Amino acid sequence: MRSPSCRPSREADAVRFEITKSRIEPAVLLPALEDTAAGASVTFEGRVRSQNEGRAVLALEYEAYEPLARKEGDKILEEARAKFSILGVACFHRVGRLELGDLAVWVAVTSAHRAEAFEASRYVIDQVKARVPIWKKEHYSDGSTGWINCAPSGPPGPAPA
Amino acid sequence: MNKTVVVRYFAILREQRGLAEEEISTAAATAREIYEELRGLHGFSLPASRLRVAVNDEFGPWDSEVRSGDALAFLPPVAGG
């Protein structure tokens with residue numbers, strides 16, 4: 001796993017997608033997006049919640065197909081840059097075992113004005129959830145577990161953009 | 001003639017197979033045929049219609065010819081976020 005200190009820089013960190021086994025620390029990550037031209041900074045935090053579809057959840061496990069997840073994540077951030085007039089965009093997704101309240105995914109967007117930052121952050125989280133090869137297993141209070149979205153019947157996954 | 005391919009499994013497929021990666025020898029021509037062959041052997045719950053396939057770390061087509069030495073990954077429905 002790459003740590004922030006040894007990771008090669010990519011456009012001064014203005015565009016950055018990472019899969020990480022470590023805790024996501026927004027306060028550490030946000031300074032890379034600082035830009036005096038940015039009048040708006042929108043962040044989204046996806047956290048582990050205690051209930052899903054009426055069942056009490058104790059913990060989650062996330063698993064990623066890392067080479068493809070990184071490529072698809074990079075593609076989504078580039079799409080966000082092309083679609084919206086933004087200055088910086090970053091997304092971190094954690095993998096491994098997470099406890100209730102832990103930060104699972106973090107998106108940050110900076111732009112001159114707020115509308116673009118709101119729209120782009122919504123685009124990034126929606127696309128990450130739909131396309132990036134990451135899977136989630138819930139551990140329930142009764143000791144059982146379940147892979148989310150993996151019932152044998154159901155819609156096929158969306159086609160790649 | 002049989003070809004040798006590497007197959008990687010994730011999430012529910014990894015658990016149902018009991019391993020994350022294996023090298024197989026197969027006469028099947030396409031990724032779809034390889035998945036059906038493996039599903040018959042290992043009883044995977046998910047039909048191919050619920051999966052996507054990756055060939056050599058890129059999303060790939062189900063029905064193209066797989067070559068010896070390719071690395072396939074069968075991807076269950078994703079659930080990030």
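Since we're looking at a predicted model, the values are computed, not measured. By convention in this document, chain letters (A, B, ...) are assigned in the order of the sequence lines, proteins followed by strands, and residues within each chain are numbered from 1.
The backbone N or O of B/D57 sits less than 3.5 Å from a side-chain atom of A/K71, completing a donor-acceptor pair. Put simply, the side chain of A/W135 never gets that close to the backbone of B/F10: no donor and acceptor are under 3.5 Å apart. When atom types are taken as modelled, the side chain of A/N149 and the backbone of B/V78 share a donor-acceptor pair closer than 3.5 angstrom. Without hydrogens or angle criteria, B/R52 side chain to A/P133 main chain gives no donor-acceptor distance under 3.5 Å. Within the 3.5 Å criterion, the main-chain N or O of B/G80 finds no donor-acceptor partner in the side chain of A/H93.
The minimum heavy-atom distance between B/P76 and A/C150, with the atom names listed, is CB-SG, 3.8 Å. Scanning both residues, A/K136 and B/G81, for their nearest heavy atoms gives NZ-O, 3.3 Å.
For the set A/A104, A/G46, A/A151, the entry with the most heavy-atom pairs within less than 4.5 Å of chain B is A/A151. In terms of non-hydrogen atom pairs under 4.5 Å with chain B, the most contact-rich of A/V105, A/V132, A/L68 is A/L68.
Neither A/V42 nor A/W106 shares a network with the other; the hydrophobic side chains, linked directly or stepwise wherever heavy atoms of I, L, V, M, F, W or Y lie under 4.5 Å apart, form separate groups for each. Cluster membership for A/Y62 and A/L58, using ILVMFWY side-chain heavy atoms within less than 4.5 angstrom, is not shared. One hydrophobic cluster, built from ILVMFWY side chains closer than 4.5 Å, holds both A/V15 and A/I19. A/L100 is connected to A/L60 through a chain of hydrophobic side-chain contacts under 4.5 Å among Ile, Leu, Val, Met, Phe, Trp and Tyr, so both are in one cluster. No single ILVMFWY cluster, assembled from side-chain heavy atoms under 4.5 Å apart, contains both A/F84 and A/F118.
In this structure, the portion of B/E15 lying under 4.5 Å from any heavy atom of chain A is its side chain and not its backbone. A/W147 touches chain B through its side chain: at least one heavy atom from C-beta onward sits under 4.5 Å away, while N, CA, C and O do not. Both the backbone and the side chain of B/A11 come within less than 4.5 Å of a heavy atom in chain A. For A/K137, the part lying near chain B is the side chain, with the backbone staying farther off; criterion is any non-hydrogen pair under 4.5 Å. With a 4.5 Å cut-off on non-hydrogen atoms, A/Y65 touches chain B through its backbone and its side chain both. No part of A/A69 comes within reach of chain B, as not one of its non-hydrogen atoms sits under 4.5 angstrom from that chain.
Atom CD of A/E53 is surrounded by 12 or fewer heavy atoms from other residues, nucleotides or ligands within 6.0 Å. Annotation for B/R39: atom CZ counts as buried by contact number, over 12 foreign heavy atoms lying within 6.0 Å. Enclosure of atom CZ in A/R114 is not indicated, since only 12 or fewer non-hydrogen atoms of other residues, nucleotides or ligands lie within 6.0 angstrom. Taking a 6.0 Å sphere around NE2 of A/H113, one finds it holds 12 or fewer heavy atoms contributed by other residues, nucleotides or ligands.
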